[in-house]
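First the proteins, then the strands, lettered A, B, ... as listed; each starts at 1.
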Amino acid sequence: MTATTDTSPAASASAASDRAADAVDAVDPELRETARSLHSPVVDWFATHARDLPWRRPEAGAWGVMVSEFMLQQTPVNRVLPVYEEWMERWPRPADLAAEAPGEAVRAWGRLGYPRRALRLHGAAKAIAERHGGEVPGEHAQLLALPGVGEYTAAAVVSFAYGKRHAVLDTNVRRVFARAVSGQQYPPNATTAAERKLARALLPEDDTTASRWAAATMELGALVCTARGPECGRCPIAAQCAWQLAGAPEHQGPARRTQSYAGTDRQVRGRLLAVLRTSKDPVPQSALDRVWDEPVQRARALDGLVSDGLVEPLDGDRYRLPLT
DNA sequence: GATACGTGGTT
DNA sequence: TAACCAAGTAT
C-alpha cells in the first residue's frame, strides 16, 4: 500500500483489502483495556515463578529453543528434560545433527513418542544447514517452511529465541485466554480464527513485553491454570478472570474425543520401533514378528513405518533405522 | 475439519 | 480402571 491518491481499480481493491485486514484486527477498546490490565500481573508473576528450564537459559540459543519445541509437542516437560540434555550435548548445532544418519535421531529420541518428530527435526536441521547457513532462521515464514514446524513452533521460536512480537497460541495459552477473557472453562476443540484474533489483540505492543507475555501465559497455563484442578488461589489474575467472575461454570460444548491406543496400529508401530531402536545392527523379520501376533496388522504397521521413513527395509527380510 | 500419530503419568 | 492429559503437525 502506497499512494493514497491513487484511484485506480487495483488501488481501490487494495485499499478495501487493507480496510478489511484492519477490521479483522480492529481491537475493541474494552478488550484493549482488558489486555493492559492483564499484562503486568502475568509478566510479574512469570518473573518470580518461572521454572528454570534449560531451553530458557541464554546459552540454549535458537537451536536449543527449536529442539525443545519439537520435543515438547504433545510431550510433558519432565519426560523431555533428560533427552534434551543428551541431544544438545551430542548435537550442539543444527549442522551436527544434519551430518548424522536420520536413524540416529530416531534412536536418541528414545521413548518421547511420536518418533516422526525426530525425523522431522533431523530434516529441519538439514534444511537449516543447507539453506540458512547453519543458523536457525528468525522469520516466521522461513521457520514455517521447515519440516515439523507448524504455526505454533514457528511462533515459539520467533518469540522465545529471537524476542520478537508474535502471538503464541498453544494449548496452555488457549486455556488461559478461554478462562480469563472468554469466561469458558475450556477452549474449543480446534483452534478458531476468533482465538487467533484474540491472541493478537492481547499481545503487548513492544517486542520485549510481548515475548515475556507469550512465555508467561504458557507458564501460567502449565503451572496454575491447568486443565484439571486449576489453582485459582495462586493465580495473579484470578480477580479479573471472566470464568471466575461467572462462577466457574462447567464446560458446555462437546467433549473432546478421547483417542484409544490399546490394539491400534500406533501401539504396534511403537513396539516395532522399540525393537529397532535397541539394535545397532539390522533386525530380522522374525524378531519383529514376536512383538505382535496379528500378522495383517503387524505387516500394515511395518509398512507404515517404512513409508514414513522411520524404518529402512534391507534385503533378506531385515530392517533397521534409516541410514539415509 | 477430522484423523493418524507414542508414551506414560494422573485421576 | 478407563479416561484424561501433555509447549502439535501433516494430510
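In the region residues 43-60 of chain A, proximity to DNA chain C at under 4.0 angstrom, judged on heavy atoms, holds for A:Arg51, A:Leu53, A:Trp55, A:Arg56.
Within the nucleic acid shown, A:Val80 has no heavy atom closer than 4.0 Å to any nucleic acid atom. The residue A:Ala227 sits close only to the backbone: its heavy atoms come under 4.0 Å of sugar-phosphate atoms, none of a base.
Between A:Arg300 and A:Asp265 there is a salt bridge, with a side-chain nitrogen of the basic residue lying less than 4.0 Å from a carboxylate oxygen of the acidic one.
Rounded to whole Å, the distance from CG on A:Asn78 to P on C:dC5 is 18 Å. Between the CG atom of A:Leu121 and the P atom of C:dA10 there is a distance of 12 Å, rounded to whole Å. A straight line from CH2 of A:Trp213 to C1' of C:dA7 spans 17 Å, rounded to a whole angstrom. With rounding to whole Å, A:His251 atom NE2 is found 15 Å from C:dC5 atom C1'. If you take CD of A:Glu151 and C1' of C:dG8, they are 11 Å apart, rounded to a whole angstrom. Rounded to an integer number of Å, the gap from A:Asp303 CG to B:dA4 P is 18 Å. Atom P of nucleotide C:dA7 and atom CZ of A:Phe160 are separated by 12 Å, given to the nearest angstrom.
The side chain of A:Arg174 contributes no N or O atom lying less than 4.0 Å from OP1 or OP2 of C:dA6.
Taking the salt bridge (charged side-chain N to carboxylate O under 4.0 Å, His left out) definition, one finds that A:Arg116 meets it with A:Asp308, sequence neighbours left out. Residues meeting the side-chain contact (heavy atoms from CB on, under 4.5 Å) test with A:Glu100, sequence neighbours left out: A:Arg90, A:Trp91, A:Glu104.
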Distance-only check: which donor-acceptor pairs under 3.5 Å involve side-chain atoms of residues 143-158 of chain A, not counting sequence neighbours?
unit_1   : atom_1 : unit_2  : atom_2 : d
A:Tyr152 : OH     : A:Glu69 : OE1    : 2.7
A:Thr153 : OG1    : A:Gln73 : NE2    : 3.0

Exercise. Would you write the dot-bracket representation of DNA chain B, where each base gets (, ), [, ], | or . depending on whether it forms a Watson-Crick or G-U pair under 3.5 Å and with which partner?
Key: .||||.|||||

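At a cut-off of 3.5 Å, with distance as the only test, a side-chain donor of A:Trp292 or A:Gln297 sits close to an acceptor on the other residue.
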Practice problem: Summarise protein proximity over nucleotides 5-10 of chain B in one line of letters, 5' to 3': B for base, S for sugar-phosphate only, - for none, counting protein heavy atoms closer than 4.0 Å. | Solution: BBBSBB

